[in-house]
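So you know, we letter chains A, B, ... as the sequences are listed, proteins then strands, and number each from 1. Being a predicted model, the structure only gives us computed values, none of them experimental.
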Protein chains: 2
Amino acid sequence: MTARKAQRTARLIDLLSQRRVIHLSEAAALLGVSEMTVRRDIATNQGQIAYLGGHILAAAEIDTDTPYELATAADSHAAAKREACAHAVRKIRPDETIFVDCGTTLIHLIDLIPDNYQITAICYAMNVAERLSRKPNVTIIMLGGVYHPASASFSGTHDFDILKSVGINAAFLSAAGVDAKRGATCEHFHEAVVKQKVMSVARENYLVIDSSKIGKLKRAFFSGMDGFDAVITEHGEAGPGSF
Amino acid sequence: MTARKAQRTARLIDLLSQRRVIHLSEAAALLGVSEMTVRRDIATNQGQIAYLGGHILAAAEIDTDTPYELATAADSHAAAKREACAHAVRKIRPDETIFVDCGTTLIHLIDLIPDNYQITAICYAMNVAERLSRKPNVTIIMLGGVYHPASASFSGTHDFDILKSVGINAAFLSAAGVDAKRGATCEHFHEAVVKQKVMSVARENYLVIDSSKIGKLKRAFFSGMDGFDAVITEHGEAGPGSF
DNA sequence: GAGCGGTTGTTAAAATCCTCACATTTCAGG
DNA sequence: CCTGAAATGTGAGGATTTTAACAACCGCTC
């Protein structure tokens, strides 16, 4: 094995750590060699590189034991979040327009909406939009803007133009911290701006959190507790006065 | 979804938890249905089941990769598109603002942009934004609006407000058809509206297509050939007059 | 510079996979 | 039992992937 070949293989593995799946022809272009050469590289490195029908992926992906748990474990308090969302989903009627905040909590809400509901969902985070797009009968409206990687969300002044032209029946908000005195807070200021603007136009505002958030205070304030029609946790629904 | 189909899907997922990778033909035999049916089952369960060139695997294996990744992988004329983009990427300077159209073609352009370039990219399709978000040093601006599943893109009147406040050095447009007489066309009217608006504010407009598009005519017209500063295919760059 | 093994690119044919359209079957309500 | 919608099977055609053979190239030694 020449130095050139070894280096090329290392580069391919490096690419896989970022991309998970790379098509053969794409890898060939990226590495500046022919497809045949990439094939041969893979054949001599079956331990690290896996190959399936034209697609290259890290061998670890299909070797190591169940990454399922890992994926769900990355989302802490997933069970509590899902339960809170199970309570929250009852607020949605079959033909309403809702707002879905960013974060991991409300992803569960989306999954729990019955497939036959014809809802319109407004969002501003990419992971939320992506999950919504998998559901049937959902009209998705994305508030655009500048991308913020930390929360996979978009923000900007223009958001507000869209909000003027839609009627939101219920807004489902998430928070990173809920404090009795200071109210609901999140990690990023740009998120807080969007949340506030949405809350000002939505008919009903629900804060959906798992109870681990209670007592915490984060840097970006977006609403006092009296701004919510209800606070929904895994234990059920509580009036805003209980905090 | 019938009970039978749901049960079959559950069985398939169960198989995947033991086997990691199952070939399409084997799954069809194991489940006692045709390969076509297994394909369709997978298509309606992209969240849990992933599919790569004839092989079925648990979606968790290639986690965080949205279904778009798979869409790109199954992309036809992928090699020609990538070559066209290799020509197109030379139009980008290290600190510019560009527009990236929707579709599968320009995904390759994104991959080919050098990592050390500090560019700002404007887009209106989810798969494009998703791919952009993986690159370092890129500022992403998303034009929001109503979601259109066919092209994973968003559209709406409000797009135009954002466009007023940015300066676009180069817009990279794609098309589903290019006709000598009628010019550039695409599948959906809502896309055409966005393309036209972008072209009116961008300093330079490049049409990037693989040559299979030439001679085709689709329903939504968005620009005559003289609207482009250049047409870029896998064979290189051509002036707009050559069509 | 000639010779050598290992590496790489190019082609063509075969096998496989994908998409689409249409025929058939199944299933839930009336 | 009838009926329409959903689900399923089938086959053709096109696109992609695989394999194999052969030619060209590289770095090295003699």
On DNA chain C, more 5' by nearest nucleotide between A:Arg40 and B:Leu24 is A:Arg40
Do side-chain atoms of B:Glu237 reach the backbone of B:Val231 as a donor and acceptor pair under 3.5 angstrom? no
Can you establish whether the number of heavy atoms outside B:Lys197 located under 6.0 Å from its atom NZ is more than 12? no
Does A:Tyr51 have a side-chain nitrogen or oxygen under 4.0 Å from the phosphate oxygens OP1 or OP2 of D:dT17? no
Hey, does the side chain of B:Arg39 come within less than 4.0 Å of C:dC18's phosphate (OP1/OP2), counting only N and O? yes
Let me know which of A:Lys81, A:Arg82, A:Arg131 forms a salt bridge (Lys or Arg N to Asp or Glu O under 4.0 Å) with A:Asp111. A:Arg131
B:Leu52 atom CG is separated from D:dT17 atom P, nearest whole Å, by 11 Å
Does B:Glu204 pair with B:Lys91 as a salt bridge, N-O distance under 4.0 Å? no
Within this structure, what is the CD-to-C1' distance between A:Glu35 and C:dT8, rounded to whole angstrom? 14 Å
Presence of A:Arg8 side-chain N/O under 4.0 Å of C:dT7 phosphate oxygens OP1/OP2: no
Would one find a side-chain N or O of A:His23 under 4.0 angstrom from OP1 or OP2 of D:dT17? yes
From CD of A:Glu26 over to C1' of D:dT16, roughly how many Å is that when rounded to an integer? 16 Å
Nearest to the B:Met36 side chain among D:dT10, D:dT8, C:dT8, which nucleotide is it? D:dT10
Atom CG of B:Asp210 and atom P of D:dA15: how far apart are they, to the nearest Å? 11 Å
Using a cut-off of strictly less than 4.0 Å, decide whether B:Thr37 has a side-chain nitrogen or oxygen near OP1 or OP2 of D:dG9. yes
